[in-house]
Amino acid sequence: MTELTTSPATQILRLLTEKRITPVEVAEEHIRAIESLNPQLNALVDFDADRVREQARRVTPNSGPLAGLPVTVKSSISVAGYKCELGSELYRGNVPREDATVVARLRAAGAVLLGTTNAPELLMAYETDILHCGRTSNPWNPAYSALGSSGGESAAIAAGLSA
């Protein structure tokens with residue numbers, strides 16, 4: 001974790017707006033955090049550093065109010081080209097062709113999508129521990145799970161893997 005990756009989203013946006021850091025620099029910090037911590041946490045289930053870099057390179061100051069902000073999306077929300085498996089064997093391998101409205105709006109606002117995060121089976125279990133993706137650990141104490149519904153998302157944010 002770095003000070004940047006654990007900063008509030010509003011602070012990251014301020015640094016971007018004031019041009020004290022570039023979208024590529026922000027993305028690279030988050031990529032390093034994900035590559036370092038995600039193997040132990042298992043918060044993100046679909047992540048591709050090159051895809052993140054490409055998005056960050058396309059960001060301009062006119063990209064929108066979230067220009068360059070790195071975000072993750074729960075794997076129950078459709079993100080074109082990313083796994084959307086709802087933590088279930090029933091949806092294993094599901095990769096939507098279109099974004100859900102909320103994701104389309106994030107993209108239109110200039111956010112950089114880092115990847116999708118782990119979720120329990122059909123979002124209904126009390127902890128995020130599923131057969132094909134495994135368990136998401138609590139970043140403050142890996143002996144504990146990150147709990148349910150948004151386990152991957154909460155672990156990613158708490159560990160500085162996502163704004």
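Only a predicted model underlies this, so the values are computations on that prediction, with no experimental measurement involved.
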How about [X] and [Y]: do any of their side-chain heavy atoms sit closer than 4.5 Å?
X	Y	answer
V112	R107	no
L114	V71	no
E28	R53	yes
R58	P23	no

Drop me the distance from [X]'s [atom1] to [Y]'s [atom2], to the nearest 0.5 angstrom.
X	Y	atom1	atom2	result
C84	Y91	SG	OH	9.0 Å
I21	L15	CD1	CG	6.5 Å
N94	S78	CG	OG	7.0 Å
S88	L122	OG	CG	4.5 Å
S76	L86	OG	CG	5.5 Å
I12	L66	CD1	CG	11.5 Å

N118 and T136: CA distance, side-chain angles, deciding distance, side chain to side chain donor-acceptor pair (under 3.5 Å) verdict: CA-CA 7 Å; N118 206 1; T136 298; 3.0 Å; yes

Should [X] and [Y] be counted in the same cluster of Ile, Leu, Val, Met, Phe, Trp and Tyr side chains packed under 4.5 Å apart?
X	Y	answer
L16	L4	yes
Y82	I31	no
L69	F47	no
L13	V26	yes
L161	V73	no

Do you know the tightest heavy-atom contact between [X] and [Y]?
X	Y	answer
A159	L41	CB-CD1, 3.5 Å
G87	H132	C-CE1, 3.9 Å
G160	A33	O-CB, 3.8 Å
A125	P120	CB-CB, 3.6 Å
V59	G68	CG1-N, 3.5 Å
A156	T117	CB-CG2, 4.3 Å

Candidate pair T116 and S75, rule side chain to side chain donor-acceptor pair (under 3.5 Å), full reasoning: CA-CA 5 Å; T116 55; S75 64; 5.5 Å; no

Look at the side chain of [X] and the backbone N and O of [Y], then say whether any donor-acceptor pair between them is shorter than 3.5 Å.
X	Y	value
T22	E25	yes
Q55	L113	yes
S137	P139	no
N42	R135	yes
D46	K83	yes
E85	G93	yes
S7	E3	yes

R14 vs E18, side chain to side chain contact (heavy atoms under 4.5 Å, CB included): CA-CA, chis, key distance, verdict: CA-CA 6 Å; R14 186 170 37 258; E18 294 171 358; 3.3 Å; yes

Heavy atoms of other groups near R105 CZ, more than 12 under 6.0 Å: no

Heavy-atom neighbours of Q40 CD exceed 12 at 6.0 Å: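 Yes, because the 6.0 Å sphere around CD of Q40 holds more than 12 heavy atoms from other groups.
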
Audit row: L44, T72, side chain to side chain contact (heavy atoms under 4.5 Å, CB included) steps and yes/no: CA-CA 8 Å; L44 278 81; T72 49; 4.0 Å; yes

Salt bridge flag under 4.0 Å for residues E89 and R92: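 Salt bridge flag = yes for R92 with E89.
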
Lys/Arg-Asp/Glu bridge criterion (N-O < 4.0 Å) met for E54, R51: no

Step-by-step side chain to side chain contact (heavy atoms under 4.5 Å, CB included) determination, K74 to L123: CA-CA 10 Å; K74 186 176 179 177; L123 316 177; 3.6 Å; yes

